[in-house]
Amino acid sequence: MSALLDDLNPEQRAAVTTTEGPLLVIAGAGSGKTRVIAHRIAYLLDQGLARPEQILAVTFTNKAAFEMKNRVHQLLPPSRRRGELLVSTFHSFCVRVLRRHLDRLGGSYTRDFTIYDTDDQGRLIKACLKELQIDEKQFPPRMIQYAISRAKNQGETPETMAPAFDPRGEVFLKAFRLYEARLAAANALDFDDLLLLTVRLLRRFPDVAEAYQDRFRYILIDEYQDTNPPQFNLVRLLTQRHQNLCVVGDPDQAIYGFRAADIRNILDFERHYPQAKTIVLTQNYRSTKIILRAANAVIRHNRARWEKQLTTHNPVGEPIRCFVAPNAETEAEWVIEELIRWQRQRAHLPETETCAAILYRTNAQSRLFEEACRRRGIPYVLVGGFSFYQRAEIKDALAYLRLLLNPHDDAAFERIVNVPARGIGKSTLESIAAWAVREGLSRWAAMEQAIAEGVLNPRATAALAGFAGLIRELQAQLESSSLADLVSAVITRSGYLEMLIREGTLEAENRRQNLEELVTAAAEADDRRASLREFLDQAALVSDTDDLVDNAPVTLMTVHSAKGLEFPLVFVVGLEEGLFPHVRVMDDSEELEEERRLFYVAITRAKQQLYLTQAQRRRVYGEERLTDPSQFLEEIPEDTVQLLAPSGSATAEPSSTKKLPRNQIVSDQFRLGDRVEHATYGTGQVVRVADGKLDIAFPGKGIKRFVAAAAPLTKLPRK
DNA sequence: CCTGACCGGATTTTT
DNA sequence: TCCGGTCAGG
């Protein structure tokens with residue numbers, strides 16, 4: 001058993017073995033946090049302090065949960081591996097609880113509820129606005145959606161919200177109220193509801209709460225800095241009895257404020273749990289000294305902060321390499337070239353030593369890098385953006401399946417009632433919608449009535465009856481068929497497959513293959529003996545990083561998705577004012593600090609080599625714009641950085657031209673690659689000499705063009 | 001009812 | 001640039 005603790009440092013060992021009472025582990029980037037959690041669970045089991053089913057561990061993604069389970073498994077002797085260890089995300093855990101007990105809450109909710117994803121939510125909100133005749137121009141659905149989610153996460157309901165003084169608030173409340181009513185009517189829960197209703201359930205039914213409190217003797221929460229109020233409440237409820245709560249996180253990596261995550265949950269932990277012990281893990285095992293020094297320097301610019309300095313015994317490493325590209329296309333090309341070069345040099349090393357990540361602020365940036373990879377024949381893995389379960393054809397197929405289980409799922413109904421086209425048009429659907437609203441029915445029920453009473457024109461009635469028949473026919477198969485057969489039946493009998501085949505385009509063929517893939521996924525679920533319900537739940541709660549491939553040579557993703565991951569080689573791209581930091585946060589100092597934490601997360605993903613790039617021109621809204629270097633670049637210490645000259649013919653355009661008084665031509669005194677010192681811009685590197693002009697790149701300040709120079713420009717000795 | 005052409009507006013990050 | 005919504009014609 002002591003082998004469990006052997007290769008842990010004293011801080012880590014303390015975090016693993018302090019098993020009684022609340023424990024706060026502040027774990028700096030790369031401090032072996034995941035390892036500590038896995039070892040702690042293994043330790044609890046190994047010491048006989050708990051049986052597997054008495055432990056609940058919460059991770060941020062399903063993938064992390066899966067890996068955590070595996071790690072624990074490997075740490076344990078075979079004799080200790082029995083029993084079910086529950087490692088899941090907050091959302092999956094809540095679904096589990098609600099599928100058991102939601103009936104108790106009463107109202108229209110039952111345990112057969114449907115989960116509405118962001119997409120379904122958006123459609124529903126649009127429908128609500130339309131029904132209330134609210135102008136979408138004045139009240140953009142996205143904003144309403146955001147505001148509703150925000151309100152719900154703050155624990156507000158339409159009833160508890162302050163009576164609206166201004167008409168805008170009144171309009172919002174009306175939309176909020178209707179949205180909640182429609183959700184309830186469809187027996188649907190949105191992502192926020194999963195947490196909220198679980199909390200409500202446990203509060204209202206002490207016997208249920210006590211059952212869970214008794215069961216979980218030990219609770220561990222990862223990424224605690226990113227928990228939101230309902231998650232906090234849930235943790236409080238679950239830990240009331242044993243208080244053996246261990247939360248692990250890093251306030252410097254709190255990046256989910258927009259999702260109502262509250263960094264105070266971790267900062268005030270010792271106040272929430274007065275008995276708490278605190279352990280800080282400050283030794284970094286991941287990055288080189290240079291990378292860590294840059295990261296420390298960056299994060300120190302945040303004012304609201306729990307001060308800690310990470311150290312490492314790792315080698316000094318290579319300087320951080322900065323590159324300023326003339327435009328976004330060149331940026332992407334250059335990154336891929338550099339990546340190929342880097343990996344070629346290390347071709348003799350195992351994949352784990354050479355895999356790379358390209359990290360960007362927004363998903364939209366991925367396209368150029370994908371194209372560059374494809375041009376050079378580099379296979380890549382793209383995370384997020386358009387993951388498998390978000391593809392239209394997959395969501396369509398899933399909507400059919402959802403409707404089989406819950407015909408009152410209006411979002412599913414609307415999605416596929418006329419996909420493929422079966423003669424159920426806009427006006428017909430509007431009549432159904434109006435009927436449903438008037439009678440307080442779901443779309444499905446309204447449709448059945450409309451068919452029975454023959455109120456619609458014969459053609460429409462026949463088309464609807466055909467659709468209703470199709471769904472019933474498929475429903476009849478629910479009991480008897482395997483999931484794989486059921487999915488196949490859905491895509492063939494609905495005519496979906498035929499539609500794609502008839503289309504005959506390359507894209508349609510692609511979509512057909514995706515559907516085939518779904519059948520495969522269903523077959524795998526059959527192997528696990530999953531029910532249709534479980535299959536759908538899992539599909540609704542997949543996270544972007546779940547389809548991450550270990551040790552892929554190149555992975556493209558947002559910085560958010562990269563949280564918790566590490567790569568030998570990392571490119572952080574698009575370091576421009578307005579992009580990273582994003583325009584939307586620049587005028588709010590708190591949000592800017594969150595953005596800086598995001599940048600901190602980005603650079604601390606790198607183990608060996610870090611690249612930072614900026615494009616001087618970038619298309620925004622299809623219009624080319626000049627960019628300024630990100631303010632974050634200036635926060636990187638100069639002596640950790642090496643500036644790189646653009647290779648080949650690609651030459652950067654300077655962002656400004658500096659004219660100095662005395663017309664002393666400078667170009668013949670300097671050569672490409674010279675290091676220079678300038679009075680105002682600091683140390684730079686000559687990246688271009690031509691026509692008596694000199695382009696000099698200054699880290700964090702972009703490229704400046706010098707026509708002539710006075711004394712302040714001095715040449716430094718080459719290193 | 002369906003299709004295709006046209007126009008206007010949007011872009012942060014995610015369970 | 002791209003997406004979604006609107007409108008006219010088949």
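Chain identifiers are assigned alphabetically (A, B, ...) following the order of the sequence lines, protein sequences preceding nucleic acid strands; residue numbering begins at 1 within each chain. Predicted model, so just to flag it, every value in this text is computed and none were measured.
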| query | Using the benzene-type ring in the case of Trp, are the ring centres of A/His560 and A/Tyr360 under 6.0 Å apart? | reply |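 For A/His560 and A/Tyr360, the ring centres are not under 6.0 Å apart.
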Report the distance from atom [atom1] of [X] to atom [atom2] of [N], rounded to the nearest whole Å.
X: A/Met557; N: B/dT14; atom1: CE; atom2: P; result: 11 Å
X: A/Gln225; N: B/dT13; atom1: CD; atom2: P; result: 20 Å
X: A/Leu592; N: B/dT13; atom1: CG; atom2: C1'; result: 15 Å
X: A/Asp119; N: B/dT15; atom1: CG; atom2: P; result: 14 Å

| Quick one: is B/dT14 close enough that its OP1 or OP2 comes under 4.0 Å of any side-chain N or O from A/Asn363? |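 So the side-chain polar atoms of A/Asn363 do come within 4.0 Å of the phosphate oxygens OP1 or OP2 of B/dT14, strictly under.
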| said: With a 4.0 Å cutoff (strictly under), does any side-chain N or O of A/Thr428 reach OP1 or OP2 of B/dC1? | reply: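 Yes, because at least one side-chain N or O of A/Thr428 sits under 4.0 Å from OP1 or OP2 of B/dC1.
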| field | Electrostatic pair A/Asp252:A/Arg597 at N-O distance under 4.0 angstrom | value |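 Salt bridge between A/Asp252 and A/Arg597, a charged N being under 4.0 Å from a carboxylate O: no.
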| said: Does this structure show an ion pair linking A/Arg528 with A/Glu534, if we count only N-O contacts that are shorter than 4.0 Å? | reply: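 Salt bridge absent between A/Arg528 and A/Glu534.
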Counting heavy atoms from C-beta on, name the nucleotide in [options] closest to the side chain of [X].
X: A/Thr558; options: B/dT12, B/dT15, B/dT14; answer: B/dT14
X: A/Val585; options: B/dT12, B/dT15, B/dT14; answer: B/dT12
X: A/Asn418; options: B/dT12, B/dC2, B/dT14; answer: B/dC2
X: A/Arg584; options: B/dT12, B/dT13, B/dC2; answer: B/dT12
X: A/Ser561; options: B/dC2, B/dT12, B/dT14; answer: B/dT14

| field | Residue pairs, two or more places apart or on separate chains, that pass salt bridge (Lys or Arg N to Asp or Glu O under 4.0 Å) and touch residues 363-374 of chain A | value |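 Only A/Arg367-A/Glu371, A/Glu370-A/Arg374 qualify under salt bridge (Lys or Arg N to Asp or Glu O under 4.0 Å).
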| query | Between B/dT12 and C/dG5, how far is it from one C1' atom to the other, in whole Å? | reply |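 It works out to 24 Å between them.
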| field | From A/His91 atom NE2 to A/Asp193 atom CG, the distance as rounded to the nearest 0.5 Å | value |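 A/His91 atom NE2 to A/Asp193 atom CG measures 10.0 Å (nearest 0.5 Å).
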Check every strand shown and say whether [X] touches a base, only sugar-phosphate, or nothing at a heavy-atom separation below 4.0 Å.
X: A/Lys126; answer: sugar-phosphate
X: A/Phe90; answer: nothing
X: A/Ser427; answer: sugar-phosphate
X: A/Ala364; answer: nothing

| request: Using the side chain to side chain contact (heavy atoms under 4.5 Å, CB included) rule, take A/Phe571 and A/Leu610 through it: C-alpha gap first, then chi angles, then the decisive distance, then the call. | output: CA-CA 6 Å; A/Phe571 294 85; A/Leu610 175 64; over 6 Å; no
| query | Can you pull the side-chain hydrogen bond (donor to acceptor under 3.5 Å, both in side chains) pairs that have at least one residue in residues 577-591 of chain A, sequence neighbours excluded? | reply |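 Non-adjacent pairs meeting side-chain hydrogen bond (donor to acceptor under 3.5 Å, both in side chains): A/Glu577-A/Gln631.
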| task | Using the heavy-atom set of chain A and a strict 4.0 Å cut-off, write down the first and last nucleotide of DNA chain C that makes it in, 5' to 3'. | result |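 Under 4.0 Å from chain A, the extent on DNA chain C is C/dT1 to C/dG5.
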